[in-house]
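For the numbers below, each heavy atom of this structure counts, side chains included, while hydrogens, waters and symmetry mates do not. Chain naming here is simple, since letters A, B, ... match the order of the sequence lines and numbering starts at 1 in each. Since the model is a prediction, treat every value here as computed from it, not as a measurement.
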2 protein chains.
Amino acid sequence: MSEVEPERTEQRILDAAEELFYGRGIQSVGMDAIRTASGVPLKRLYQTFPSKDTLVEAYLRRRDARWLRDLAQYSDTYDSPEQRILAVFDWLFLWFSEQGFRGCGFINSFGELGATSQTVADIAKAHKDAFRRYLADLVAAADAPAWLTDQLVLLAEGAMTTAAISGTPEPARHAKDAARTLLRAAHAEVVTAA
Amino acid sequence: MSEVEPERTEQRILDAAEELFYGRGIQSVGMDAIRTASGVPLKRLYQTFPSKDTLVEAYLRRRDARWLRDLAQYSDTYDSPEQRILAVFDWLFLWFSEQGFRGCGFINSFGELGATSQTVADIAKAHKDAFRRYLADLVAAADAPAWLTDQLVLLAEGAMTTAAISGTPEPARHAKDAARTLLRAAHAEVVTAA
DNA sequence: CATTCTCGAAAACGGTCGTTCTCCTACGGT
DNA sequence: ACCGTAGGAGAACGACCGTTTTCGAGAATG
């Protein structure tokens, strides 16, 4: 009879898949490596996720949700919208400093599989849209013009890839500096227009 | 007897490799697809590039050189350093608008193979360093503080990935707007400090 | 105790990939 | 005309990957 652990095994598989897919790239990781890392036998693995594609999709969806949740959890501890905007870049700095950081998992999977798999491309796009919406809400709360959102997104995205390739978390600081400048300029424009 | 075409075949191979590697990702493209696309028989292909790894390396190195050359060629037609800085983002807009644009080939290959191949990781890093140096020279020529370089790099990198995933060239315009603001702020700071 | 069922370990299968090898054609020199 | 060679087309090879199947050990059931 099936034990209590159907959910446990799913988590163990996803934990192993995330570490491997994110750390080495998706195509470089075989199902056998996930079996070994998770300790879940191949049979159960395929009972839980009927194909590698569905496992990749589940990996991306879980990471998407957790990433945005963690970001919001950090940023929302600050009081003013302006502080929350700048806190996003502090959170990026912490993320970039984590051992094993290798850039944005969605940019990476888009580059690797976006041309081959519409699903992967869609998930990456949805993830970036969600991030953009989060920033847009902060910008609106700060009474800043909507176009500031687009600029902040670029700084954050640029910081992710630059931090990944250069191997240092410093781009987060540079992005925060630039964000502060752009925020001030946006506010000044609102005042001028009034 | 060997014909005049040893260089011709190398170009044909690299042309096919670039289109396929960039368009579909490196691991998704087999040597057979490159053979078909280039029309160069497998035997000659391996005489020219003794392994797929060396072909990948040659693809990245040629793209690196041409990318920076094209950028500089466009930007350097402008007179003032400030105009040249902003022209970088105009050039990005043209690039993003090309049919088949799929983001930065170096970010993509880094995400796909950076963890597996030190060579790929090094080439991506060298490419981004070269881009940064180009911007740093423009910033210095504009008498702007050096830290402006870091901010402009983030805008450009962010625009590349955002344009790729969103599928529109608009991020280049947003990046240019932000760059103009940051440039003004940087100049203002220099004046204030004086 | 015998039987059935469950489940994990690993072999097996079909396909693909990078790379090499075979064969056949066509041409150059004598 | 003959032979030697170069070169191209594609078969072949070994490795690996995603997925399925086999097999045997052990628990549950009557």
Engineer: What's the CZ-P distance between R44(A) and dT19(D), to the nearest Å?
Structural biologist: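 One finds 19 Å between P of dT19(D) and CZ of R44(A), rounded.
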Engineer: Would you tell me whether S75(B) and Y134(B) have side-chain atoms, one donor and one acceptor, within less than 3.5 Å of each other?
Structural biologist: yes
Engineer: Look at the rings of H127(B) and W67(B) and say which category their plane angle falls in: under 30° parallel, 30 to 60° tilted, over 60° perpendicular.
Structural biologist: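 Perpendicular, since the angle between the ring planes exceeds 60°.
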Engineer: Looking at R62(A) and E10(A), does any basic side-chain N land under 4.0 Å from a carboxylate oxygen?
Structural biologist: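 Looking at R62(A) and E10(A), the cut-off is not met.
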Engineer: Whole angstrom is fine here: how far is it from CZ in R35(B) over to C1' in dA11(D)?
Structural biologist: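 Going from CZ in R35(B) over to C1' in dA11(D) covers 11 Å.
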Engineer: Just how far is it from atom CD of E157(A) to atom CD1 of I107(B), taken to the nearest 0.5 Å?
Structural biologist: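 That separation rounds to 10.0 Å.
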Engineer: Whole Å only: how far is the CZ atom of R8(B) from the C1' atom of dG7(D)?
Structural biologist: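 That distance rounds to 20 Å.
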Engineer: More 5' along DNA chain D: P41(B) or I26(A), using each one's nearest nucleotide?
Structural biologist: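 Of the two residues, P41(B) wins.
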Engineer: Looking only at side chains, do Q118(A) and D122(A) share a donor and an acceptor under 3.5 Å apart?
Structural biologist: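 Yes, because at least one side-chain N or O of Q118(A) sits under 3.5 Å from a partner of the opposite role on D122(A).
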Engineer: Without decimals, in angstroms, what is the distance between L42(B) CG and dT19(C) P?
Structural biologist: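 About 10 Å, once rounded to whole Å.
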Engineer: Please list residues of residues 108-121 of chain B whose heavy atoms come under 4.0 Å from any atom in DNA chain C, ordered by number; otherwise none.
Structural biologist: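 Going residue by residue through residues 108-121 of chain B, none turns out to have a heavy atom under 4.0 Å of DNA chain C.
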Engineer: Can you work out whether P50(B) or V40(A) has the more 5'-proximal nearest nucleotide on DNA chain C?
Structural biologist: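 Closer to the 5' end of DNA chain C: V40(A).
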Engineer: Starting at atom CG of D32(A), determine the distance to atom P of dT19(D), rounded to an integer number of angstrom.
Structural biologist: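 Atom-to-atom, D32(A) to dT19(D), this comes out as 13 Å.
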Engineer: Given atom OH of Y46(A) and atom P of dC7(C), what is their separation to the nearest angstrom?
Structural biologist: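 Atom OH in Y46(A) sits about 19 Å away from atom P in dC7(C).
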Engineer: Strictly below 4.0 Å, N to O, side chains only: are D177(A) and R180(A) in salt-bridge contact?
Structural biologist: yes
Engineer: Starting at CG of L45(B) and ending at C1' of dC21(C), how long is that distance when rounded to a whole Å?
Structural biologist: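 Value for this atom pair: 16 Å.
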Engineer: Any chance you could measure L42(A), atom CG, to M31(A), atom CE, to the nearest 0.5 Å?
Structural biologist: 7.0 Å
Engineer: Rounding to a whole Å, what distance do you find between F21(B):CZ and dC17(C):P?
Structural biologist: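 It works out to 12 Å between those atoms.
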Engineer: K43(B) or S51(B): which one's nearest nucleotide on DNA chain C is closer to the 5' end?
Structural biologist: S51(B)
